[in-house]
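In what follows, every heavy atom counts, from backbone to side chain, and hydrogens, waters and symmetry copies are set aside. Lettering follows sequence order; numbering is per chain, from 1.
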Protein chains: 2
Amino acid sequence: MNSATRDIIIRTAMDLFWVKGYQSTSISDILSRSQVHSGSLYHFFPGKQDVLVAVLETYRDEIDVGLLDHAWQGVDDPIDKIFALLAGYRMHLLTTDFQYGCPIGGLALEIHEPDPRVRELLDQNFRNWVDAVESCLIEAKDRFPGDLDRRALAEFILTIMEGAIMQAKTARDIAVFDRNVSVLRNHMDLLQRQAERA
Amino acid sequence: MNSATRDIIIRTAMDLFWVKGYQSTSISDILSRSQVHSGSLYHFFPGKQDVLVAVLETYRDEIDVGLLDHAWQGVDDPIDKIFALLAGYRMHLLTTDFQYGCPIGGLALEIHEPDPRVRELLDQNFRNWVDAVESCLIEAKDRFPGDLDRRALAEFILTIMEGAIMQAKTARDIAVFDRNVSVLRNHMDLLQRQAERA
DNA sequence: GTCTATAGGCTGATAGAC
DNA sequence: GTCTATCAGCCTATAGAC
């Protein structure tokens, strides 16, 4: 099932779907960039959508090595980890002139009538991301009010990341991203002060 | 420049772009649903993208009559207005089985290399929405800390709306939308209590 | 598993009569 | 301004030799 060619196809598609989206990326785009021929691709994948499924499975299975390990390198404090994660997306926006946002969020809003497998995989990817943030909040639970809904706050942080990227890409201005993160930071500070008073 | 046929094309495209997105909506889709013939469409619009431009201009010019007046009917309190706006999107999600999210946000993330006119219009639409929310915050300014960055908070609320829709659509579950709004509500409450103490 | 060639369908857009 | 007919190009996917 696995092979070097199959992997090259997936890696190439990951990148193209991230920048151009799913629909705007043609099979030819994947073939020409990966130097793979049509017959090989269709040997490994029944169709284009199956490439997308493989891409989403890869994101899901590699969230640690592909995202978290890198973003959290040298960061120990759990709250700092959350903002380091956001800073990673910020950097992608800046270094690619707002071309690379969130690969999952982009696909989630682009594909309007997703196949059940695709929708489920998008959701799994979101949930994994939320899990990671929630684990940080649990690690820092002594600093927050005891009745804090940590799951809801973790989802909220994903929401802010996605919405901030959407606005920054559209405005082509990182300032709106930063202001969003500032408001989140203020919210987290308020929660922590609330906990200190109690 | 204006005509009944032109308007029918725009209204049809508004709806189709909202549900299916821009790329997945073909000119044929617009023609068959609007009962307009190819020659008429190309008489009014040089190409498909010009239909999109007209759609975005219409959203921009009709934010009051098309969105705010309806959402704020019978709502006077400025903070209630903000949550009434969010509730409007919630209702759209629920009554359309998560098909209708935010028409602007969907297009903003779908179109990866937007024509300058398109990008500018998407941005204008976002800014108009933020303006509306900011005006609510200004109206309620006595209830918030004096140094509150109202523009940033208004952008933050747009961010939450967009991110909450993205997650709710993907999970096909309104609960995640509601939890996001709850966290926002909690943040607004914390700000107001902060102001009361000062 | 790899490579070339091409089928078959859909798309945006156009021509030209009325 | 409206309508019909149609083009040319791109797209996904397949056939079949190697």
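Look at B:H43 and you won't find any side-chain N or O under 4.0 angstrom from OP1 or OP2 of D:dT2. In terms of phosphate contacts, A:S40 brings no side-chain nitrogen or oxygen within less than 4.0 Å of OP1 or OP2 of C:dG1. Between A:T5 and C:dG1 there is no side-chain N or O to OP1 or OP2 distance below 4.0 Å.
You'll find a donor-acceptor pair under 3.5 Å spanning the side chain of B:S38 and the base of C:dT14, going by distance alone.
Listed nucleotides C:dG1, D:dT12, D:dG1 differ in distance to A:I27; the shortest reach to its side chain belongs to D:dT12. Closest approach to the B:Y42 side chain among D:dG1, D:dC11, C:dT14 is made by C:dT14 (side chain taken as heavy atoms from C-beta onward). When each of D:dG1, C:dG12, C:dG1 is scored by its nearest atom to the side-chain atoms of B:F44, the top-ranked nucleotide is D:dG1. For A:S28, whose side chain is taken as the heavy atoms from C-beta onward, the closest listed nucleotide among D:dT12, C:dT11, C:dT4 is D:dT12.
The CD atom of B:Q23 sits 14 Å away from the C1' atom of D:dC10 (whole-angstrom rounding). As rounded to whole Å, 12 Å separates atom C1' of C:dC10 from atom NZ of B:K20. Atom NZ in A:K48 sits about 17 Å away from atom C1' in D:dT14, given to the nearest Å. Straight-line distance from the NE2 atom of B:H37 to the C1' atom of C:dT14: 17 Å, rounded to whole Å. Atom CG in A:L41 sits roughly 14 Å away from atom P in D:dC11 (whole-Å rounding). If you take CD of B:Q49 and C1' of C:dT11, they are 16 Å apart, rounded to a whole angstrom. Computed from coordinates, the A:I9 CD1 to D:dA13 P distance equals 13 Å when rounded to whole Å. Here D:dT6 presents its P atom at 18 Å from CG of B:L31, a figure rounded to the nearest Å.
With a 6.0 Å cutoff to the six-membered ring centre and a 45° limit on the axis angle, A:K48 does not count as a cation-pi contact of A:Y42. For the pair A:R185 and A:F83, the distance from NZ or CZ to the six-membered ring centre is under 6.0 Å and the angle to the ring normal is within 45 degrees.
Using a cut-off of 4.0 Å between Lys/Arg side-chain N and Asp/Glu carboxylate O, B:E120 and B:R127 are scored as salt-bridged. Using a cut-off of 4.0 Å between Lys/Arg side-chain N and Asp/Glu carboxylate O, B:R117 and B:E57 are scored as not salt-bridged.
Within the 6.0 Å centre-distance limit, the rings of B:F156 and A:F156 are counted as a close aromatic pair.
In terms of position on DNA chain D, the residue among A:G39 and A:S24 whose nearest nucleotide sits closer to the 5' end is A:S24.
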